[in-house]
Amino acid sequence: MAKDVDEKKYPHIHTRFPPEPNGYLHIGHAKSICLNFGIAREFGGVCNLRMDDTNPAKEDVEYVDSIREDVSWLVSGWASQNLGLKEKGKTPETVSSNGKLDFHLAPVLTTRPLATEPFYASDYFDQIYEYAVALIKKGKAFVCDLTPEETDDYRRNAKASPYRDRGVEENLDLFSRMKAGEFPDGKRSLRAKIDVASPNIWLRDPLLYRIRHAEHHHTGAKWVIYPMYDFAHCLSDYIEGITHSICTLEFEVHRPLYDWILDSLDLPRPLPHQYEFAKLIPSHTIVSKRKLIQLVNDGVVTGWDDPRMPTISGIRRRGIPAGTLRRFAIGVGVTKFISLTDMAVFEHIIRDDLNKMALRRLAVLRPLKVVLTNYPEGKTEDLDAVNNPEDPGAGTRKIPFGRELFIESEDFMENAPPKFFRLKPGGEVRLKYAYIIKCDEVVKDGAGKILELRCTADLDSKTGGATANRKVKGTIHWVSAAHATDAEVRLYDRLFTVPEPDASGDFKAFLNPHSLEVITAKCEPSLKDARPELRYQFERLAYFALDKESKTSKLVFNRTITLKDTWAKESQKA
Ligand code: ATP
Ligand code: MG
C-alpha cells in the first residue's frame, strides 16, 4: 500500500469495512475495523462503513443500528476523521447520457460526523442491475432455469447449463421479467458465463442474481431479485471508489471472480484490488455470528451485549475501553496464517491499560463483620487514600473509618496454614490506609457459622503514629459498616472453559458454569458517585465498571477482569 501511495496509483487511499447486518459485530470484526480504518488513518485516506446487505432474509435494522454504534465507539477520537462521507440522497452515477456505462470516482471525501448515514450496498441495486444488463449484452451472463440444487450439482461436476447459450435478447427479456416479479423464488437465476471447467469452482458460471420475494430492511418491497455477494461486493467497492478491498482469507478463492466481473465490464480505471488476511480467532470463545446468535436465542446469555459475549457491544459493556480493544486488535498484527490468539494476550492488555487508568476504591465482595472493641462507639475518622498509585495526578480522597467494619471473608481463616498472612485468631493484619488490628475472638452462631470477629486496633499504628512502621505481613481491604453502600456486583468470567470450544461438534458443551456470579458487595461511600466513563479497581480484587443498568438507587458494577490471571494457573494444573 505504501508503494501504491509512493507511485501515486490512486488519487487517495480508500478502504471500507463491509459487515453484513445479520448479527452484532464481534472481536474479529474489531480487527478488520482497526485494519481498514487504521490504513486510511496512516495514509490520510478514507474508510467507508458499508452495510453489505444483499440477503434480506437474515438482515435487520437492529443489526444496522448496533453496527453503527459499535464502529463509532471503536474509531471515535482515533480514526473518526477518516470515516467516509455519504452525501444525502446521492449515490455515484453509473449510466452516462450516451448510454455507455460510465463511472465517476467518488470525489475525494472528507470527514463526516459519526451520527450520519453509513453506506449501503443496497443503495446501489439500480446500478448493479444495470451492470448485470451490461454483462448480458456482452454475452457474459445468462438466465438459467436450473433449480438451485441442480445448479450446485452442475457446477460441482463442471457441467454446462443447458441454458448457457441463450440469446442476448431472450436473456434480457427473462432478466427484466425476473425483476418484474413474474417468477417464484428459485425458478430462474442470472449466472455469469465464465468457464464451467475451471479448477476454481467460483469461476464455474457462478450465480449473479437470485429471485427472493422478500422485504428488505433498507429497500423495502422494491426488489424481488437480489445480487449475490460476489457480484455486489466488487461493484460496491468500485462505485465507492475503493482502492484497497481488504477481507479475510476465505475470499482469496473469490478474487479471480472479483477481478473477472470488473474486467468484463470494461470499467474506467483504476479498479479496486482485493487483499486477504487471516481472521482473528481468539481462544476460549467463538466468533461466528451464526453461533453467537444461538447463545442469544437459547438464553445462555442475556443478549448480544452480555458482558461475556465476544461482541464489541459486550466488550464495551464489560468495561473494556475502546483504546484497549484497538491496542489488542492492532497489536496482534496482520498475517496470512490462520492461528489461534490466546485470550490471555487480550486480558494482559486489559490489565495493563486498566492499571494505568483505574481509580482505586475499597469494596468488600463477601463481607465478614469486624468489631473493634477498643475503638470508641460513634466515632468516625476520615482517612486519606490514594486514588491511583500509577497516576499521581489522580489525587487522594477521604474514606470513613469506624468501630464496625467489613472485611473480605477470604481474608480470615480460623485454622490457617503457616503461610497465611492475613487475619487469623490471635494474628495481626494491617487494614489498608488505617490501623493494624488483632483478632481476639471469633463469634459464631449455634450452627458454628462465623457471625463476626472481635478485634482490637493498635491505635498508634496509623500513618504518622508511633507504631506506624511496625511490620505485619498482610494488608487487607475493608469498608466501614456504618458508611458502606451496597452494590450489585456481577462477577464475569470467561464464557467457555476450553481454548477452542468450536473445534469439535457442540460448542455449548464447553460453557463455563461459573461465567457469571451475582453478589451484593459493600462499597466505600465514594462509589455512590461512580461514573460510567470511569474505571475502578476494587483494591486487591479486580477491575470494575458501572453497568448500563446501574441507577443511583441501585448501583450495578461489572467485573471487567480480575487483577491476576487465574486461568494461567488452571492450565498449568491441567
Ligand atoms: P462471521 O463469520 O462472524 O459470521 P462474517 O465474515 O460473515 O463473520 P461479515 O459481516 O461479512 O461477517 O464481516 C465483515 C468483515 O469483517 C469482512 O470483511 C470479514 O472478512 C471481516 N471479518 C469477519 N470475521 C473476522 C475475524 N474473525 N477476524 C478478522 N476479520 C473478520
Ligand atoms: Mg461474511
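The chain is numbered in sequence order, starting from 1. Both counts, for ligands and for their atoms, begin at 1 and track the order of listing. As the structure is a computational prediction, the values presented were derived from the model and not from experiment.
Crowding of Ile338 atom CD1: a count of heavy atoms from other residues, nucleotides or ligands under 6.0 Å not exceeding 12.
Taking the six-membered ring where tryptophan is involved, the planes of Tyr209 and Phe175 are perpendicular, since the angle between them exceeds 60° and thus also 30°.
Ion pairing of Asp185 with Arg210 is absent here, as no side-chain N (NZ or NE/NH1/NH2) approaches a carboxylate O to less than 4.0 Å.
Counting only distance, with no hydrogens or angles, the side chain of Glu59 and the backbone of Asn55 share a donor-acceptor pair below 3.5 Å.
Considering backbone and side-chain atoms alike, Lys289 places an N or O below 3.5 Å from some N or O of ligand 1. When only interatomic distances are considered, the shortest N/O to N/O separation between Thr248 and ligand 1 falls below 3.5 Å. Considering both main-chain and side-chain atoms, Lys31 never comes within under 3.5 Å of ligand 1 through any nitrogen or oxygen pair. Polar contact check, Pro19 against ligand 1: no nitrogen or oxygen pair lies under 3.5 Å apart. Taking any N or O of Glu20, backbone or side chain, at least one lies under 3.5 Å from an N or O belonging to ligand 1. Considering backbone and side-chain atoms together, Leu280 places an N or O closer than 3.5 Å to an N or O of ligand 1.
Here is the list of ligand 1 atoms found below 4.0 Å of a heavy atom in Ser32: 16 (O), 21 (C), 30 (N).
The side chain of His26, and not its backbone, has at least one atom closer than 4.0 Å to an atom of ligand 1 (non-hydrogen atoms only; side chain from C-beta on).
In this structure, Tyr226 and Glu215 approach most closely via the heavy-atom pair OH-C, 4.3 Å.
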- [ ] For Arg317 and Glu549, run salt bridge (charged side-chain N to carboxylate O under 4.0 Å, His left out): C-alpha distance rounded to whole Å, both residues' side-chain angles, the deciding distance at 0.1 Å, then the answer.
- [x] CA-CA 10 Å; Arg317 191 171 168 191; Glu549 288 171 356; 3.5 Å; yes

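Contact analysis puts His29 in contact with ligand 1, with a non-hydrogen atom separation below 4.0 angstrom.
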